[in-house]
2 protein chains.
Amino acid sequence: MGTKGNINRQRIVEAADRLFYVRGYNQTSFSDISDATGLPRGNFYYYFKTKEDILDAVVESRVESFSQMLDACMQATSDPYGRLQAFVSMPLQSEQVLQYGCPIGTLSAELGKAQSEHDSRVHMTAVFDLLRHWCVDQFVALGVSAARADQLAMDLLARMQGVVLLASVYNDRAFLQRASRDIQAWLETVIKH
Amino acid sequence: MGTKGNINRQRIVEAADRLFYVRGYNQTSFSDISDATGLPRGNFYYYFKTKEDILDAVVESRVESFSQMLDACMQATSDPYGRLQAFVSMPLQSEQVLQYGCPIGTLSAELGKAQSEHDSRVHMTAVFDLLRHWCVDQFVALGVSAARADQLAMDLLARMQGVVLLASVYNDRAFLQRASRDIQAWLETVIKH
DNA sequence: GTCTATACCTTGATAGAC
DNA sequence: GTCTATCAAGGTATAGAC
């Protein structure tokens, strides 16, 4: 298992995960992570060579986290349509979405900006790919062609991202709920060709 | 006119506007603005007391900039439906949207994160409000009730934001074009009640 | 594995000459 | 109005004791 299962490493990743979400990646300093974990700054470099390595670990952690959420949607029902409905209602369950936006979307937007060094645009597509492919699977299971399924998956993710962004900008829970229902209604019409 | 019409002040705001878009607000330093304008760092404090004051000026600049774009949509046609169509196709005209996302959406996401000091969440709603109210006006002109018009305006902005976000994450121009056409088609069905 | 101390740089901001 | 010089604080990263 190497150092990857170390308890202190886990605490660092968990604290960084939350801080990157609440404060943003660039605005999170080693001191912030140190304060949150109680571990001294210098200790971080035993587990991670650079701050970007911490980011990689956080992204990996979010992939696993969202993977578990998708598994939960899978176990809720065997109906692909019901699974997609559960997927759409995911942001409604989160308390912090209105305050800090989508953890995937906001971090992607931040990392999509020009970095001083090498463009590390690769990072967040991993999480989006996970959701995208899962949605594609559900649409395909509903009898949609592969090409059309990918279109629908992109449309679905785009609509959810837009709704969450606007809802967080205006801190408008009513809009988040109403627009989520609209997406679910749209899903229904789309399935029926 | 005071110092607001000063040519050097304008250069600072223009450079900051571009840098805040390309690199993000937090990742843009006074040195960056200094390099872009040729003006020494210390000069900035003659026009702006803090970095946040520069941000305010940039937001004000973007409000004017988007206000002009909306005027262009207004003068293109007297048909509110055609004006909304022109509005939806705005991201297609921009070369940089695929690379850096929406200048309004990405900055809003960045500023929506918890700041160390006072929550300056107020900033970017100004630009969104501008677009929102303009869209409401167009829907109302089409005979929609005020309440329904605001719903449609929010839906439209959310869909555009989501499309631009996904398109920039995947650097996918084809998706941006296809999804924009879908939004325009949705607009048509919505107008016909 | 864990921690302290610190190097080195960049940041936003200030003081004051011209 | 414009510029240089500099400050104090904070950033990432490193060295090395324990």
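Just so we're on the same page: letters track the sequence lines, and every chain starts at 1.
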Between A:F175 and A:Y170, is the ring centre distance below 6.0 Å?
no
Measure from CZ on A:R23 to P on D:dG10 and round the result to the nearest Å.
12 Å
With sequence neighbours excluded, tell me which residues meet salt bridge (Lys or Arg N to Asp or Glu O under 4.0 Å) with B:R181.
none
Would you mind reading off the distance between B:L39 atom CG and D:dT2 atom P, rounded to a whole angstrom?
8 Å
Whether A:K113 engages the ring of B:Y25 as a cation-pi pair (distance to the six-membered ring centre under 6.0 angstrom, angle to the ring normal within 45°) should be assessed.
no
Flag for B:Q99-B:N171: side-chain donor and acceptor within less than 3.5 Å:
no
Return the value, rounded to whole Å, for the distance between atom CZ of A:F48 and atom P of D:dT14.
15 Å
Whether each nucleotide of nucleotides 10-16 of chain C has a protein heavy atom under 4.0 Å at its base (B), only at its sugar-phosphate (S) or at neither (-) is summarised, 5' to 3', as -SSBB--
Is the phosphate of C:dG1, meaning OP1 or OP2, less than 4.0 Å from a side-chain N or O of A:Y46?
yes
Distance, nearest 0.5 Å, that separates CZ of A:F87 from CG of A:L70:
6.5 Å
Between C1' on D:dA15 and CG on A:N43, what's the gap in Å once rounded to a whole number?
15 Å
Are B:F66 and B:W134 close enough that their ring centres sit under 6.0 Å apart?
no
For B:N8 and D:dG1, is the shortest distance between a side-chain N/O and OP1 or OP2 below 4.0 Å?
no
Nearest-Å distance for atom pair OH/P, residues B:Y47 and D:dG1:
6 Å
Looking only at the side chain of B:P40 (C-beta and beyond, no hydrogens), which of the listed nucleotides C:dC3, D:dT2, D:dT4 gets closest?
D:dT4
